[in-house]
Each structure stands twice: as C-alpha cells, then as structure tokens.
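Remember, it's 1-based here, ligands and their atoms both numbered in the order they're listed. Numbering starts at 1 and runs along the sequence shown.
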Amino acid sequence: MAKPVLIKSTSGIRGIVGNGLDPIIVTRYGAAFGSMLKSGKVVVGRDSRITGDMMMRAVISGLTSVGIDVVDVGIVPTPTVEIAVKGLKAIGGVCITASHNPSQWNALKFFNKTGEFITPAEYTRLNNIFEKQSFLYKPYNKIGKVTEQADWIEKHINKTLAVKFINIQAVKRKKFKVVVDAVNGAGSIALPQMLKKLGVKVIEINCDNSGKFVHEPEPIPKNLKQLQRAVKKYKADLGVACDPDADRLAMVDEKGQPIGEELTLTLAVKEVLRKKKGTTVINLSTSKATEDIARMSGSKVFYSKVGEANVVQMMHAKKALIGGEGNGGVILPSFHAGRDSLIAAALVLSCLANENKPLSELVETLPKYYTIKTKAALQNNFKARLVKFEKGAGKLLGKTKIDRRDGLRFDFADGWVQVRTSNTEPIFRLIVETNDQKLTDRLTKQVIKFFS
Ligand code: MG
C-alpha cells in the first residue's frame with residue numbers, strides 16, 4: 001500500500017481518506033478544536049465529496065463530546081461557512097473540504113469567531129491539544145447539541161447581492177447567458193441560484209451536488225474543456241467554473257477560450273477600484289496583470305505570502321479594499337475576509353456590464369503576460385539546489401530583485417519567476433510570467449531541468 005498521507009498546514013489538515021486520514025483522527029481534531037474553544041457553538045459545513053458525510057459525523061462527534069453545540073449547515077461553499085460563523089455569532093467553524101484536490105482527498109479547514117482561518121498561534125494550540133489528547137470530555141448530560149440550518153446558501157447569495165460594488169441594474173439589463181460548471185461540488189446550487197437572481201440565463205453542467213468529479217476539479221484551463229464546448233454550443237456570453245468548495249472561480253470567454261484563472265481577480269479588482277479608491281493586497285504567485293490594473297486605478301499594491309490566511313492577515317494590516325489570490329480567489333474584506341466564488345462572479349459580471357464589451361474584448365484591454373504554472377516532485381536535495389539556483393539566477397535572468405518570503409521570487413526586467421514548495425502537497429511549484437511567450441517557455445524548461 002502507498003505511504004499514508006496526512007498533511008498539516010496553516011490551512012488545516014488534509015489527507016487521503018483510508019490511508020492517512022480516517023474518522024478517528026477527524027473526531028480527535030473535532031474534540032481538540034472544541035476543547036480549545038471551550039464552550040459555545042461551532043458551524044460545520046462540507047463540500048459534496050463522497051467522504052463528506054462520514055467526515056461530518058466524525059467531526060461533529062468530537063465537537064459535541066467536549067460540550068460544543070454544532071450548527072450543521074450542510075453542503076455549502078467554504079465562504080458560506082465563514083459567513084454563517086459571523087451571522088450566528090458562533091465561536092468557530094469547520095469546513096470539511098479538500099478544495100481542489102481529487103476525490104480520494106478530504107480535509108478540515110478551521111475558522112475562528114471572526115469567520116476567518118484560525119491564526120498560526122491558534123493552529124499551534126489546536127495541534128498541541130490533538131497531540132497530547134488533552135480533550136475536555138463532558139459527562140453524558142453536558143454534551144453538545146446539534147441543529148441543522150439549511151438556508152445559509154440563500155443568506156450568502158442575498159448578502160453578496162447587497163454589496164455596493166455590484167451594479168445589479170446594469171447586469172440585469174444585459175440579460176447574460178452563462179454556463180456554470182461546478183464540477184458537481186459545493187457551488188452546484190449557490191452559483192446558479194445567485195446568477196439567476198442577477199437576471200442571467202443559466203445553463204448548468206456538472207451542477208448535481210453529487211461530489212462526483214467528472215473532470216480534474218481544479219479550475220485551470222486544461223480542466224475546462226467541457227465548459228468550453230458548452231459555451232460554444234449554447235452561444236453563451238461566458239462560462240464560469242469553480243473548485244469543489246467554491247472559493248475559486250475561473251472563466252471561459254464567449255468564443256470558448258479559457259481566459260486563465262488569474263484574470264478573475266484582475267477583473268474583480270478593476271471593478272471594485274472603479275467605484276472606490278483603496279489598497280490592493282495580492283499574493284506572491286499572482287499575475288502582474290492584477291498589480292498593473294490596480295496601479296492604473298491609483299491603488300497601492302502589497303504582496304503577501306501564498307495561502308489565504310497570509311493574504312487576509314496582510315489585508316487587515318494594510319486596510320486593503322480588495323485583493324486575493326491569482327488562482328481565482330477573490331477577497332473583498334468589507335464583505336467577508338475569505339476567498340469567495342460568488343462575489344467573484346458577481347463582480348466580474350458587473351465589470352462586463354459596465355464595460356459593455358464581450359469578455360474576449362475586455363480581456364484584450366488588460367495588460368498581456370504569458371504565464372506558465374507548473375509543478376514537479378520534490379527531490380531530496382531541493383533546499384541545496386535552491387541555494388545554488390539563487391546564486392546562478394543573475395546569469396539566467398539578468399538583474400533581479402529577490403523576495404524570500406515564500407520560496408524565492410525573482411523580479412527582473414521582463415517578468416518574474418517564483419519557485420516554492422507547496423503547503424499542501426509534496427511538490428514544488430514554479431511560476432514563470434513574462435511579456436514574451438517564447439521567453440516564458442524557455443525559462444520554464446530551464447528551471448524545471450535545474451530542479452529535476
Ligand atoms: Mg477551494
């Protein structure tokens with residue numbers, strides 16, 4: 001049997017079900033989280049994957065065993081859990097989702113009472129309780145109660161449509177036709193419903209909420225073939241795809257071409273800054289197109305380490321108006337401080353309506369970069385090679401500015417290169433982005449060869 005996989009990171013615990021991640025671990029994490037929070041209620045939701053129900057029961061067992069009341073919000077997008085935590089004045093939240101990972105994976109994401117990812121300090125405390133098994137079990141008559149609330153998707157949609165940056169009337173006038181591919185995940189109901197409330201004619205593919213991922217679930221261009229075909233077949237204005245927990249959004253234009261998940265954030269930033277001046281925070285893996293658009297709108301731009309918790313932390317520190325992650329993760333802190341495909345879709349449609357152009361033409365107006373994101377298995381001597389790579393970077397890239405906060409990012413005259421190990425998988429990620437396609441191709445090949 002393959003080596004068991006259980007990965008702990010700032011975004012929670014993640015593993016392969018039946019081989020690393022099992023209900024005993026999950027129950028203990030539930031008990032540890034409840035012991036840390038001591039008393040009150042915790043919101044628990046999940047994505048639609050097949051192991052979700054088993055995981056849900058296990059985590060609820062752990063939470064109630066230490067006296068925590070649980071509000072079960074069912075199958076919902078991750079951002080819906082975040083919104084419910086705040087809306088219910090709960091002391092925390094748990095979302096059971098392995099996000100963009102394939103079906104064999106599942107994971108727990110933990111939120112504190114602000115509805116945001118628990119801090120690194122809280123995460124250390126949680127893991128200490130888990131490792132020492134110092135659970136505050138309660139006697140039979142003090143265990144927590146479980147209630148179910150099924151209306152949080154509707155509340156999430158209504159809150160989204162109340163955001164002042166969305167020009168609802170303009171969107172409604174356009175009578176857009178949009179194909180939605182939710183990969184049968186937690187966006188299956190939320191995204192189509194919200195779009196219908198915006199007067200959109202919605203064509204649903206892979207929106208049965210069954211958790212059967214009919215294609216690779218990460219919303220990146222190579223996984224959007226079915227959506228591309230559907231957009232052309234139905235002559236739609238665009239197609240949107242989300243990952244299984246619906247915090248990331250990617251788009252296909254009216255010609256059936258994927259525009260790349262990076263541009264979701266670029267367009268959302270453009271739309272928000274159209275109406276208000278403010279600061280933008282993006283992570284170190286985000287396309288420069290977003291920085292350029294933000295600066296053109298008079299915004300200051302700050303870069304954070306990768307990972308939603310890191311982005312959100314910097315957004316608070318810089319009092320950011322808008323930002324997020326280039327992987328399709330839009331964050332509007334005045335709404336709630338987490339990635340959200342619903343707010344992303346609403347902002348993009350608002351931008352399309354205000355600009356009054358087809359998506360492909362709107363994309364033409366954005367700064368053009370050629371980006372390749374790749375990943376490869378980590379070799380044993382990766383760290384030593386990274387040091388060597390840094391020493392030789394000048395030869396390959398010319399004069400560079402190096403950012404060491406998250407792996408290594410080299411900014412040079414024609415673009416940037418980032419090499420970093422993943423928080424969630426035993427791989428390293430490479431991003432090369434330049435203003436020339438051949439240069440991007442060549443640098444990608446050279447760097448991959450260096451590390452393999
Ligand atoms: Mg996700």
Evaluate the side-chain hydrogen bond (donor to acceptor under 3.5 Å, both in side chains) criterion for residues N106 and T51: first the C-alpha distance (whole Å), next the side-chain angles of each, then the deciding distance (0.1 Å), finally the verdict.
CA-CA 7 Å; N106 214 331; T51 56; 2.8 Å; yes
Could R248 and E218 be called an ion pair, given the rule that one side-chain N must be under 4.0 Å from one carboxylate O?
yes
For the Mg ion (ligand 1), how many protein N, O or S atoms come closer than 2.8 Å?
4
Please identify each residue that fulfils side chain to side chain contact (heavy atoms under 4.5 Å, CB included) with A170, with sequence neighbours left out.
N167, R173, A353, N354
Looking at every heavy atom in both E325 and E308, which two are closest together, and how far apart are they?
OE2-N, 3.8 Å
Please walk me through it: do F451 and F382 pass ring-ring contact (aromatic ring centres under 6.0 Å, His included)?
CA-CA 7 Å; F451 284 101; F382 182 78; 5.2 Å; yes
Near-ring test F117/F111, centroid separation under 6.0 angstrom:
yes
